[in-house]
Amino acid sequence: MLGLESSCDETAAAVLRGDGTILAEAVLSQEAEHARFGGVVPEIAARAHLAALPAMVARVMARAGIGFDALAAVAATAGPGLIGGLIVGAGLGKGIAIARGLPYLAINHLEGHALTARIPGIVASGAPVFPYLLLLLSGGHCQCVAVEGVGRYRRLGTTLDDAVGEAFDKAAKILGLPWPGGPHLERLAASGDARRVALPRPLLGRDGCDFSWSGLKTAVAQRVAKGDAAASDIAASFQAAVAAVLADRAAHALAMLPGATALVVAGGVAANGAVRAALSGVAASRGVALVAPPIRLCTDNAVMIAWAGIERLNRGLVDTLGHAPRPRWPLEELRGAPGQ
Ligand code: KG4
Ligand code: ZN
């Protein structure tokens, strides 16, 4: 399976065998091209995908040591995401499918994140079985999802304003750190004391598992403006507040999915040590495993797209070449196979 990812600011391609063995993978981050604008610029992203993806496909195919005629199918991210990038990846995927007479799979990016932990051999505790809880914590998404089968998802909660990675990036910017700020903020927080600065914990204890981060960000801005606290203490307090809220929301989400076999985290924020520690505490107290794929597969990549393609192809869920990329594409609207 050839997988292509181009929905945001990572250009990626991967070739997997049907059993999940990764034959070749490549990810090119556009971070440097967007950094001076302080965020992802859609038009720059689309052009960068167009410049990089065709040669990247040729490279991963060469490294995998197979020709296009050895492929069973082509899977490309078809949404949700920035439309320019989606058109580039889906268009290239369809082109290869037409040229080689292969099935085409239009993959929902969120389904890619949701199924990554099931790649055989990827997580030490073994592939989680359905149903499990997915906590998607990235720069663009902040959701609790019940993963009940391939193509079968229920969103249990989502953010009312910013994604959690966005909250990290905004707080980091207020603290004068470079974009994307999450890792910088974590480093600064390591030398700070969270107890010196009191910050709110939005929606903590509230019913359900929605999120809200804008009030916390505003509180950071007010505290910085006041000028009476060390940046490291503010960073530590911000991170502690986020971790506490995420733990609370995850506990609620697990209560909403009593049969959950595991708590799976994905997205760049899953790299954060304080967040991981808080979530492993929740998982342990609920008697489920915390499953965190390796960071390179938690952030945007094409391995997860190829794998989702394999899971769908195995269930006969192929798409037509008429499938148009969708900038908005809720997981609930996916087509699943009967059973699991
Ligand atoms: O999943 P991801 O790589 O990409 C997209 O969202 O497209 O997530 C990126 C987000 C950014 O907001 C970044 O600041 C955040 O994940 N992030 C972190 C850490 N590493 C990345 N946030 C907190 N702590 C980290 N160590
Ligand atoms: Zn993503």
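Atoms within each ligand, like the ligands themselves, are counted from 1 in listed order.
Between the side chains of Trp329 and Glu333, not a single donor N or O lies within less than 3.5 Å of an accepting N or O. For the 3.5 Å distance criterion, the side chains of Glu111 and Tyr153 qualify, holding a donor opposite an acceptor.
Where the criterion is an N or O separation shorter than 3.5 Å, residue side chain and backbone included, Asp169 meets it with respect to ligand 1. For ligand 1, the polar-atom distance check finds an N/O of Asp300 within less than 3.5 Å of one of the ligand's N/O atoms. Between Thr299 and ligand 1, no N or O atom pair is found at a separation short of 3.5 Å. For the pair Gly165 and ligand 1, the shortest N or O to N or O distance falls below 3.5 Å. Close N/O approach between Cys298 and ligand 1 is not found [any backbone or side-chain N/O within under 3.5 Å].
Distances below 4.0 Å separate heavy atoms of Gly139 from the following atoms of ligand 1: 5 (C), 6 (O), 8 (O), 9 (C), 10 (C), 12 (O). Within the listing of ligand 1, atoms 1 (O) sit less than 4.0 angstrom from a heavy atom of Gly267. Close contacts of ligand 1 with Gly182, meaning ligand atoms under 4.0 Å from a residue heavy atom, involve 14 (O), 18 (C), 19 (C), 22 (N), 23 (C), 24 (N), 25 (C). When each atom of ligand 1 is checked for a heavy atom of Phe168 under 4.0 Å away, the hits are 22 (N), 23 (C). Shown in contact with Glu186 at under 4.0 Å from a heavy atom are these atoms of ligand 1, numbered in order with element: 24 (N), 25 (C), 26 (N). Within the listing of ligand 1, atoms 6 (O) sit less than 4.0 angstrom from a heavy atom of Gly140.
Every residue two or more places apart in sequence or in another chain that forms a side-chain hydrogen bond (donor to acceptor under 3.5 Å, both in side chains) with Asp228 is listed here: Arg223. Applying the salt bridge (Lys or Arg N to Asp or Glu O under 4.0 Å) test to Glu25 and every residue at least two apart in sequence or in another chain returns Arg296.
With respect to the salt-bridge test (charged N to carboxylate O, under 4.0 angstrom), the residues Lys170 and Asp162 qualify. Between Glu332 and Arg154 there is no salt bridge, since no side-chain N of the basic residue sits under 4.0 Å from a carboxylate O of the acidic one.
Within the protein, the number of N/O/S atoms found under 2.8 Å from the Zn ion (ligand 2) is 3.
Closest to atom 24 (N) of ligand 1 among all protein heavy atoms lies Asn272 ND2, 3.0 Å. Annotation: atom 15 (C) of ligand 1 to nearest protein heavy atom, Val269 CG2, 4.0 Å. Of the protein's non-hydrogen atoms, the one nearest atom 21 (C) of ligand 1 is Gly268 O, 3.4 Å.
Tyr104 belongs to a hydrophobic cluster whose remaining members, ordered by chain and number, are Ile98, Leu321; membership requires side-chain heavy atoms of ILVMFWY residues under 4.5 Å apart, directly or through intermediates.
Separation of atoms SG (Cys144) and CZ (Arg249) is listed at 8.0 Å; rounding is to 0.5 Å. Distance check, rounded to the nearest 0.5 Å: CG of Asp207 to CE of Met256 gives 9.0 Å.
The aromatic rings of Trp213 and Phe211 sit parallel to each other, their planes meeting at less than 30°, with 60° as the upper class boundary. Aromatic ring pairs are classed by plane angle as parallel below 30°, tilted from 30° to 60° and perpendicular above 60°; the pair Trp179 and His34 is perpendicular.
Looking at heavy atoms from C-beta onward, Arg155 lies out of side-chain contact with Pro330 at the 4.5 angstrom threshold.
When each of Leu135, Asp210, Leu110, Thr159 is checked for a side-chain contact (heavy atoms from CB on, under 4.5 Å) with Gln143, only Leu110 meets the rule.
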